[in-house]
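Okay, so here's the structure we're looking at.
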Number of protein chains: 2
Amino acid sequence: MSQTGAHPRRAPTMADVAQLAGVSHQTVSRVLSNHPNVRDTTRAEVQRAIEQLGYRRNSSARALVTRRTLTLGVVACNPTLFGPASTLFGLEEAARDEGYMVSAVTLRRYTAKALEEAIDHLSDWGVEGIVVIVPHREAVAALAELRLPFPVVTVEGGHSLPIAGVSVDQELGARLATSHLLGAGHRTVWHVAGPPDWLEAEARVSGWRSTLEEAGAEVPPPLVGDWTPLSGYRAGQELAGRVAAGSARRTSADVTAVFVANDQMALGLMRAFREAGLSVPGQVAIAGFDDIPEAEFFAPPLTTVRQDFAAVGQASIRLLVSQLETGATSRDGERVVIEPRLIVRRSSTTS
Amino acid sequence: MSQTGAHPRRAPTMADVAQLAGVSHQTVSRVLSNHPNVRDTTRAEVQRAIEQLGYRRNSSARALVTRRTLTLGVVACNPTLFGPASTLFGLEEAARDEGYMVSAVTLRRYTAKALEEAIDHLSDWGVEGIVVIVPHREAVAALAELRLPFPVVTVEGGHSLPIAGVSVDQELGARLATSHLLGAGHRTVWHVAGPPDWLEAEARVSGWRSTLEEAGAEVPPPLVGDWTPLSGYRAGQELAGRVAAGSARRTSADVTAVFVANDQMALGLMRAFREAGLSVPGQVAIAGFDDIPEAEFFAPPLTTVRQDFAAVGQASIRLLVSQLETGATSRDGERVVIEPRLIVRRSSTTS
DNA sequence: GGTAGGGCTGTGAGCGCTAACAATGGTCGT
DNA sequence: ACGACCATTGTTAGCGCTCACAGCCCTACC
């Protein structure tokens with residue numbers, strides 16, 4: 001509307017604004033960066049010119065000279081799952097508040113190669129640092145090898161690396177769930193674990209196992225799933241068989257309580273039990289992990305361990321930004337641990 | 001390891017590579033952009049120098065001169081939900097394949113102001129175009145006002161705007177579900193709708209209504225939820241009351257079938273029915289929408305309408321990139337419609 | 001009244017890269 | 001043997017911005 005040039009409408013530059021406002025480009029720059037030493041009338045004039053032209057600072061030029069792209073990268077996998085998605089969300093919001101932009105790259109699978117490519121892609125775009133959501137053993141190892149020229153923060157990357165990281169205390173979560181079930185009078189608690197190469201799965205197994213051991217309870221062999229409802233369903237079918245078998249003669253390893261490593265598998269498990277004619281919590285008590293929004297409305301509502309994913313996202317950005325500002329390229333292993341919380345619902349209560 | 005300078009290790013520049021390889025910086029540039037007219041031996045030499053120095057092209061400098069940031073923006077809301085998350089995922093992957101980076105901004109709520117801020121934020125970082133996931137009436141209207149200096153593609157933004165867009169045929173989905181239920185012998189089908197200001201909710205209502213009208217069935221007043229399981233639960237409680245009342249004397253508006261506007265609400269609905277002692281599908285048949293991964297494992301498994309979110313993401317990127325390449329800043333209303341598919345499961349089958 | 005100092009503004013250089021053109025040397029045709 | 005032509009390489013000029021510094025003018029102080 002304002003500018004009807006014959007030229008293909010090149011975006012206005014700082015010089016254009018300067019000319020229109022009758023000042024030098026440097027003064028425009030000062031106005032834009034809120035430098036105090038600009039007369040109010042001048043500032044107003046410049047502002048007016050900026051608005052009139054619809055001027056926007058060219059971020060590339062700015063980045064070139066300041067050597068700051070104000071962009072952070074994120075590498076994530078399975079971003080359609082509730083956990084990663086929530087983390088990503090919290091992370092992006094926190095980054096925006098800190099004045100950074102975030103670019104995400106999502107992986108289909110956690111191979112060292114895919115991870116490296118993702119990081120490469122981010123580097124190409126000049127990110128100043130990255131958050132890697134790598135709850136996966138191989139990926140963490142690969143990351144350790146990389147020695148990147150910018151700060152890295154891991155999420156759920158375990159504590160073995162000299163890299164800053166944020167994680168939820170998975171082991172504590174597992175202990176909470178397991179001891180809750182034991183406390184309800186069950187002789188022991190069975191476990192459906194996540195894939196063995198996932199650190200979170202491992203930590204949950206270990207929390208479950210040690211709780212049983214400390215309580216002097218028998219430790220039944222954990223079943224293994226892959227986080228999907230289907231795998232939980234299969235595990236449920238197997239466990240249902242054992243319940244039936246066990247009911248002939250009672251042993252200390254009867255299946256009366258199951259701690260499932262995530263809510264989706266718990267859902268599958270409950271379907272299998274339902275189909276086998278087993279009542280939950282009547283014959284078998286169940287606890288899950290994550291507290292997805294649906295969990296409260298399962299049949300029956302699922303006892304589970306809530307993780308504050310948004311807090312994880314925020315903490316990881318804080319960690320990353322602090323590294324950026326102190327200029328430390330690799331802070332050896334500063335870690336933030338977030339405590340999960342047990343949410344008790346009907347799937348585990350006998351009343 | 002290679003470079004042990006006293007200086008704080010400035011990232012190597014093209015000139016550094018050129019010097020090491022004994023060529024001009026322009027030759028390095030040529031190698032990097034795969035220009036054909038470079039002698040093989042020279043190319044190899046340069047490659048070696050690049051690797052030795054760990055050189056990476058400075059994206060800001062490149063963007064400055066080429067006027068291409070190769071970055072696309074995405075604005076989304078509720079990215080923890082399965083639908084938006086999947087769309088985002090598909091979108092990012094497609095963008096990466098096309099050589100673009102994507103930066104996402106997530107909104108807590110769909111206000112015109114939040115949307116504008118998000119787009120502002122993206123503009124500041126120099127995106128070349130944006131995808132806006134705006135299944136929300138007010139947001140769409142606000143977007144139409146904006147007149148942005150770069151291409152925009154909407155997702156689920158309705159067909160009223162002269163803006164390119166991708167959407168799933170929500171109305172068709174609703175028709176599929178509704179006529180499936182009618183086909184199973186129900187006199188009519190009740191509906192639990194999404195929030196009225198959501199275009200998707202509206203389209204589903206309209207598909208449901210017209211299917212009933214065409215079949216000559218009574219159109220009961222739709223209940224309204226907010227996509228959450230809780231709101232579905234409340235709607236379920238209300239409907240359960242009607243079933244009980246209706247059982248006294250049969251009318252043509254008996255609640256024997258319900259089409260719920262998304263799977264999460266359907267889950268809540270089923271819980272309410274369960275608590276009211278109603279059997280699904282025995283007394284009431286239910287169909288949902290979305291086909292979230294959990295739906296297959298609900299009690300009973302949920303009949304629903306599957307949307308191919310990944311395809312939506314891909315299509316939106318294709319549309320955006322094509323606008324970018326043809327140079328059209330606003331292609332008036334090129335649209336891609338993706339057909340949903342009915343997935344029949346136990347919640348709606350009488351057998 | 002001279003000089004010091006501070007508020008405000010302009011000038012020049014250069015960030016690292018690509019595009020356009022210039023220069024070089026060799027091959028080929030006649 | 002000479003010019004045309006091509007492949008290969010170098011040179012130069014910015015892209016739009018910020019930083020460092022240089023100027024100007026006005027107030028304040030001795």
Side-chain angles (χ1 to χ4, degrees), chain A residues 7-47 49-50 53-71 99 123-128 149, chain B residues 7-47 49-50 53-71 99 123-128 149:
Chain A
H7 308 291
R9 173 91 68 103
R10 228 216 223 339
T13 155
M14 201 170 251
D16 298 335
V17 176
Q19 189 177 10
L20 181 59
V23 298
S24 77
H25 64 123
Q26 178 58 6
T27 299
V28 178
S29 172
R30 277 193 268 257
V31 169
L32 251 28
S33 38
N34 271 319
H35 191 95
N37 286 356
V38 178
R39 202 190 306 147
D40 282 353
T41 58
T42 311
R43 186 184 301 277
E45 199 108 15
V46 171
Q47 293 283 17
I50 287 176
L53 257 42
Y55 170 74
R56 305 199 79 111
R57 215 157 27 176
N58 179 317
S59 61
S60 306
R62 191 170 150 73
L64 177 58
V65 61
T66 59
R67 297 160 187 288
R68 309 273 277 115
T69 58
L70 297 179
T71 301
S123 304
D124 281 346
W125 263 257
V127 296
E128 293 185 29
Chain B
H7 308 291
R9 173 90 70 103
R10 227 213 221 344
T13 157
M14 201 171 251
D16 298 334
V17 176
Q19 188 175 13
L20 181 60
V23 296
S24 76
H25 63 126
Q26 177 62 359
T27 299
V28 178
S29 172
R30 276 190 270 257
V31 169
L32 251 27
S33 39
N34 269 320
H35 191 95
N37 285 354
V38 177
R39 203 189 303 147
D40 283 351
T41 58
T42 311
R43 186 183 302 275
E45 200 107 14
V46 171
Q47 294 282 19
I50 287 175
L53 259 43
Y55 169 74
R56 307 199 79 110
R57 217 162 18 181
N58 179 317
S59 60
S60 305
R62 192 170 150 73
L64 177 58
V65 61
T66 58
R67 298 159 184 289
R68 309 273 277 115
T69 58
L70 296 179
T71 301
S123 303
D124 281 345
W125 262 256
V127 295
E128 293 187 30

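Small disclaimer: the values here were computed from a predicted structure and weren't measured. Every chain is numbered from 1 and lettered A, B, ... according to where its sequence line falls, protein lines coming before strand lines.
Distance Asp40(B) CG to dT9(D) C1': 15 Å, rounded to the nearest Å. Per the geometry, CD belonging to Gln26(B) stands 12 Å off P belonging to dC17(C), to the nearest Å. Rounded to whole Å, the distance from CZ on Arg68(B) to C1' on dC15(D) is 15 Å. Rounded to an integer number of Å, the gap from CG of Leu70(A) to P of dC17(D) is 16 Å. Atom CG in Asn37(B) sits roughly 14 Å away from atom C1' in dT24(C) (whole-Å rounding). Taking atom NE2 of residue His35(B) and atom C1' of nucleotide dA20(C), one finds them 12 Å apart after rounding to whole Å. Here dC15(C) presents its P atom at 21 Å from CZ of Arg57(A), a figure rounded to the nearest Å. The distance between atom CE of Met14(A) and atom P of dG14(D), rounded to the nearest whole Å, is 20 Å.
Taking every side-chain heavy atom of Arg10(A) into account, dG16(D) is the closest of dG16(D), dC19(D), dC17(D). Of the listed nucleotides (dT9(D), dT9(C), dC15(D)), dT9(D) has the atom at the smallest distance from the side chain of Thr27(B). Of the listed nucleotides (dG10(D), dG16(D), dC17(C)), dC17(C) has the atom at the smallest distance from the side chain of Asn58(B). For Thr42(B), counting side-chain heavy atoms from C-beta on, the closest listed nucleotide (dC15(D), dT9(D), dT11(D)) is dT9(D). The side chain of Arg39(A) lies closest to dT9(C) when the candidates are dT18(C), dG12(C), dT9(C). With dC15(C), dT8(D), dG12(C) as the candidates, the nucleotide lying closest to the side chain of His25(A) is dG12(C).
Note: Thr42(B) OG1 to Asn37(B) CG = 11.5 Å, rounded to the nearest 0.5 Å. Rounding to the nearest 0.5 angstrom, the gap separating the CG atom in Leu20(B) from the OH atom in Tyr55(B) is 13.0 Å. Put simply, CD on Gln19(A) and NE2 on His25(A) are 12.5 Å apart, with the number rounded to the nearest 0.5 Å.
Comparing Ser29(A) and Val38(B) along DNA chain D, the residue whose closest nucleotide (by nearest heavy atom) sits nearer the 5' end is Val38(B). Take the nearest nucleotide of DNA chain D for Arg67(B) and for Ser24(B): the residue whose nucleotide is more 5' is Ser24(B).
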For a quick test of your reading: what N or O donor-acceptor pairs under 3.5 Å do the side chains of residues 59-67 of chain A make, sequence neighbours left out?
unit_1   : atom_1 : unit_2    : atom_2 : d
Ser59(A) : OG     : Trp125(B) : O      : 3.4
Thr66(A) : OG1    : Arg62(A)  : O      : 2.7
Thr66(A) : OG1    : Arg68(A)  : N      : 3.3

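Distances shorter than 4.0 Å separate none of the side-chain N or O atoms of Thr66(B) from OP1 or OP2 on dC17(C). Under 4.0 angstrom from either OP1 or OP2 of dT18(D) there lies at least one side-chain N or O belonging to Arg62(A).
Base engagement by Arg30(A) is indicated by at least one non-hydrogen atom pair under 4.0 Å involving a base atom. Note on Ser60(A): nothing from the nucleic acid sits closer than 4.0 angstrom, heavy atoms only.
When every heavy atom of Arg43(B) is checked against every heavy atom of Pro36(B), the shortest pair comes out as NH2-O, 3.7 Å.
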